[in-house]
Amino acid sequence: MVNDAVLTRVENTLAVIPEGVVVSYGQLADLSGLPGRARLMGRALRALDGEHNWHRVVRADGKIAFPDGSWHAHEQRQRLIEEGVTIKNNRINLKKYGWKPDLHTILSSLQY
DNA sequence: CACGTGACATACC
DNA sequence: GGGTATGCCACGT
C-alpha cells in the first residue's frame, strides 16, 4: 500500500508530463518531492493502475520495466508510439524523449 | 525479528 | 555492453 500523500503527489506530477515525453522512475520520484524513492513509484503506479500517464514512465536505461511480451509492455509501447516516441531495440532514447530542464517551469504549480 | 523480493538507481569493475 | 554491490522502502514469509 502507498500513502495517499504519495499517491497525490505522483498523480499531480504525472498530470503535467507532456505528450511525447518520458521520465524514469527516479525522476518521477524526484519531481514528486520524493528523492531516492524510485521503487516506491512502481508501487504507486500499480496502485493508481491505469487512470494516469503511467505509460510515460520507463526505467533509467530507457527500457520498459515490464517483461517483454507481457500485456503491460505491449500496451505501454503502443501508447508511446502513438505519441511519437520511437522505440528501437526495445529501448527509448532518453536524450530525445526524456525530461529536459526547461520543463521544470511547468512544475511550478506543484510546490514541494 | 530476519530475510527475500520488487513497474528502481547509481557507482563501480 | 554485462555483472556485482549498495541504497532505498513496503510487504510477505
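Within every chain, numbering begins at 1; the chains are lettered A, B, ... in the order of the sequence lines, protein sequences first and strands thereafter. Side chains are part of it too, since the values below use all heavy atoms of this structure and drop only hydrogens, waters and symmetry mates. Everything quoted here is computed from the prediction, not taken from an experiment.
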### Query
So among A:D30, A:V2, A:V10, which one has a side chain to side chain contact (heavy atoms under 4.5 Å, CB included) with A:M41?
A:V10
In whole Å, measure the gap between the [atom1] atoms of [N] and [M] for me.
N      : M     : atom1 : value
B:dT5  : C:dT6 : C1'   : 16 Å
B:dA7  : C:dT4 : C1'   : 22 Å
B:dC12 : C:dC8 : P     : 16 Å

Rounded to the Å, how far apart are [X] [atom1] and [N] [atom2]?
X     : N      : atom1 : atom2 : result
A:M41 : C:dC8  : CE    : P     : 15 Å
A:L28 : C:dC8  : CG    : C1'   : 15 Å
A:R46 : C:dA10 : CZ    : P     : 13 Å
A:N53 : B:dA7  : CG    : C1'   : 15 Å
A:K63 : C:dG1  : NZ    : P     : 7 Å
A:E75 : B:dA7  : CD    : P     : 18 Å
A:D61 : B:dA7  : CG    : P     : 15 Å
A:N3  : C:dC11 : CG    : C1'   : 14 Å

### Task
Taking atom types as modelled, find out whether A:E75 and A:H55 have a side-chain donor-acceptor pair closer than 3.5 angstrom.
no
Candidates [options] - which lies nearest the side chain of [X]:
X     : options               : value
A:L45 : B:dA9, B:dA7, C:dA10  : B:dA7
A:W54 : C:dA10, B:dA9, B:dA7  : B:dA7
A:A60 : B:dT10, C:dA10, B:dA7 : B:dT10
A:R59 : B:dA7, B:dA9, C:dA10  : B:dA9
A:A38 : B:dA7, B:dA9, C:dG1   : B:dA9

### Message
Could you check whether atom CG of A:D61 has more than 12 heavy atoms from other residues, nucleotides or ligands sitting under 6.0 Å from it?
### Response
yes
### Query
Has A:K100 got more than 12 heavy atoms of other residues, nucleotides or ligands less than 6.0 Å from its NZ?
yes
### Message
Using a heavy-atom cut-off of 4.0 Å across all strands, would you classify A:R37 as base, sugar-phosphate, or nothing?
### Response
sugar-phosphate
### Query
Does A:R56 put a side-chain nitrogen or oxygen below 4.0 Å from OP1 or OP2 of B:dA7?
no
### Query
Are any side-chain N or O atoms of A:R59 and backbone N or O atoms of A:I64, one a donor and one an acceptor, separated by less than 3.5 Å?
no
